[in-house]
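Just so you know, these numbers come straight off a predicted model, no measurement behind them. Heads up: numbering here begins at 1 and tracks the sequence.
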Amino acid sequence: MSNPTVTVPIREALRYAQGRAERLARTQQLEIGEDLFIRIAPGGRKFLLFCLDGEPDRGVAEGIAAALGLRHPAYGWHQGATLRSLTVIEEGAADVPEAPADPNDPDAA
């Protein structure tokens, strides 16, 4: 018999990842839809939204920013080597560096 399926609302998953990004000072990545991913930066006040094939929709980014409680977010684009990401940064958000993983912290994985 398989384990029961648990449904987690996307808003709850995003807020959980945002809390981990803030608490652990490490980027958190979630797959939030078919070919739609988010990377929440350390500090939890900015994120990248990207697709592996195509570009993310700004309306989706606006909805995520609202779900994460970002105040006065700025939207822009980042062109990487292979993808174009939509960047969302809360006004005045500090640039929090990525913390090294603590091998003794089971929650840091």
Side-chain angles (χ1 to χ4, degrees):
M1 178 187 266
S2 65
N3 292 327
T5 300
V6 176
T7 300
V8 177
I10 189 66
R11 182 180 307 260
E12 189 176 309
L14 287 167
R15 288 184 180 158
Y16 177 76
Q18 180 186 37
R20 280 180 54 93
E22 185 174 6
R23 188 175 74 252
L24 301 175
R26 297 198 44 86
T27 299
Q28 302 296 304
Q29 181 169 313
L30 294 171
E31 182 176 2
I32 57 175
E34 186 175 327
D35 192 32
L36 182 61
F37 301 85
I38 185 172
R39 285 187 184 155
I40 303 175
R45 309 314 296 172
K46 58 185 176 178
F47 64 87
L48 289 175
L49 192 62
F50 66 96
C51 302
L52 299 177
D53 184 28
E55 293 181 351
D57 180 78
R58 179 174 164 141
V60 172
E62 290 170 351
I64 292 170
L68 295 177
L70 301 187
R71 296 176 309 276
H72 309 292
Y75 299 87
W77 290 97
H78 171 75
Q79 180 63 55
T82 59
L83 325 157
R84 188 166 180 218
S85 303
L86 184 54
T87 62
V88 182
I89 302 171
E90 182 176 65
E91 184 179 295
D95 190 21
V96 179
E98 186 92 19
D102 179 354
N104 298 317
D105 183 357
D107 197 32

Look up atom CG in L48 and atom CZ in R84, then write down how far apart they are to the nearest 0.5 Å.
-> 13.0 Å
Rounded to the nearest 0.5 Å, what's the gap from CG on L86 to CD1 on I38? Could you check?
->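 So the CG of L86 and the CD1 of I38 are separated by 10.0 Å.
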For A13 and V8, the nearest pair of non-hydrogen atoms, with its separation, is N-CG1, 4.1 Å
Minimum side-chain heavy-atom gap D57-L36 below 4.5 Å = no
Sorted by first residue and then second, give each ring-ring contact (aromatic ring centres under 6.0 Å, His included) pair with at least one member in residues 27-64; sequence neighbours left out.
->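 Sorted pair list: F37-F50.
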Output yes when a side-chain donor or acceptor of [X] lies under 3.5 Å from a complementary backbone atom of [Y], and no otherwise.
X   : Y   : value
E98 : T27 : yes
Q18 : G44 : yes
D35 : C51 : no

Shared ILVMFWY cluster between I32 and V88, side chains joined below 4.5 angstrom?
->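 Yes, I32 and V88 fall within the same hydrophobic cluster.
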Can you hop from L14 to I89 via hydrophobic side chains spaced under 4.5 Å?
->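 Not linked; separate clusters.
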Which pairs count as salt bridge (charged side-chain N to carboxylate O under 4.0 Å, His left out) when at least one residue sits in residues 40-51, sequence neighbours excluded?
-> R45-E90, K46-D95
Sorted by first residue and then second, give each salt bridge (charged side-chain N to carboxylate O under 4.0 Å, His left out) pair with at least one member in residues 5-17; sequence neighbours left out.
-> none
Mind checking side-chain hydrogen bond (donor to acceptor under 3.5 Å, both in side chains) for Q29 and listing every partner two or more places apart, or none if nothing turns up?
->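 Q29 satisfies side-chain hydrogen bond (donor to acceptor under 3.5 Å, both in side chains) with R39 only.
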Validation: residues 72-79 side-chain donor-acceptor distances under 3.5 Å, sequence neighbours left out:
unit_1, atom_1, unit_2, atom_2, d
Q79, NE2, L83, O, 3.4

Which pairs would a plain distance check flag for residues 60-71, meaning a side-chain donor or acceptor within less than 3.5 Å of a matching protein atom at least two apart in sequence or in another chain?
unit_1, atom_1, unit_2, atom_2, d
E62, OE2, R58, NE, 2.7

